[in-house]
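Count residues from 1 along the sequence. No hydrogens, no waters, no symmetry mates; every other heavy atom, side chains included, goes into these values. On a predicted model such as this, the values are computed, not experimentally measured, just so you know.
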Amino acid sequence: WLVIAVGLVRAYLAKGSYHSLYYSIEKPLKFFQTGALLEVGLVFFCIVPSSVVLTAFQVMSRVFLTWAVTHSVKEVQTEDSVLLFVVAWTITEIIRYSFYTFSLLNHLPYLIKWARYTLFIVLYPMGVSGELLTIYAALPFVRQSGLYSITLPNKYNFSFDYYTFLILVMISYIPIFPQLYFHMLHQRRKVLSHTEEHKKSE
């Protein structure tokens, strides 16, 4: 994710504009975000203590955005909303993996712990806004092209409308995102208050 961050900064400095920076980090974004699927397995097999449902939703929604929307609908790749969620993902993941790394080394700076449980307050809504705006921008192109849609009649007697599916995906954010957000708020109170109490006891 640091590679992606550096790529974004270098592309911005070279172009002097934040528009269409997606192309400068497209390949590493696809690679690292797809690799995050391993995290679901780590949580499922109890190697990492976390919620399987929330982890799966977060990872799958990002992989879906990366491949089924941004990669598949070329027209949205120049949208500023893509940069919005990419920047949010990148900062979030750099902080999160730094947190994991220092925790494994038993030397976790308070600043990183604080950032892990505080910056999400802005970054999560920022990322979700970018994701939803990108899906919304893709809708007209999906409807026009019939992307991934299956129409009747066919030998399987089955139909699928990708346009409608994308709308349902957007609606699914309504019940699921608040769960993830309030879960993190709860974790923030729990972790940071425990840290403050520990400092006072010393």
Problem - Y12 reachable from L84 in the ILVMFWY side-chain graph, under 4.5 Å edges - result: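 Same cluster: L84 reaches Y12 through Ile, Leu, Val, Met, Phe, Trp or Tyr contacts under 4.5 Å.
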Problem - ILVMFWY cluster, W1 and V3 together (side-chain gap under 4.5 Å) - result: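 The answer is yes; both residues are in one hydrophobic cluster.
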Within the 4.5 Å heavy-atom criterion, are [X] and [Y] side-chain neighbours or not?
X    : Y    : result
M60  : L37  : yes
V169 : V69  : no
M184 : I121 : no
V59  : T55  : yes
K30  : E26  : yes
F141 : L147 : no

Looking at [X] and [Y], would you say the former's side chain and the latter's main chain have a donor-acceptor pair under 3.5 Å?
X    : Y    : result
Y163 : P140 : no
S61  : Q58  : yes
S193 : K190 : yes
S72  : W67  : yes
Q77  : T70  : yes

Problem - Between Y124 and F177, ring centroids under 6.0 Å - result: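 Between F177 and Y124, which both carry aromatic rings, the centre distance is not below 6.0 Å.
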Practice task
Compute the ring centroids of F85 and W89, then answer whether they are less than 6.0 Å apart.
Solution key: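 Close enough - the centres of the two rings lie under 6.0 Å apart.
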Practice task
Name the orientation class of the two ring planes belonging to Y162 and Y148 (parallel below 30°, tilted from 30 to 60°, perpendicular beyond 60°).
Solution key: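 Perpendicular: the ring planes of Y162 and Y148 meet at over 60°.
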Practice task
Measure the spacing between CD1 of I4 and CD1 of I91 and express it to the nearest 0.5 Å.
Solution key: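 So the gap between those two atoms works out to 12.0 Å.
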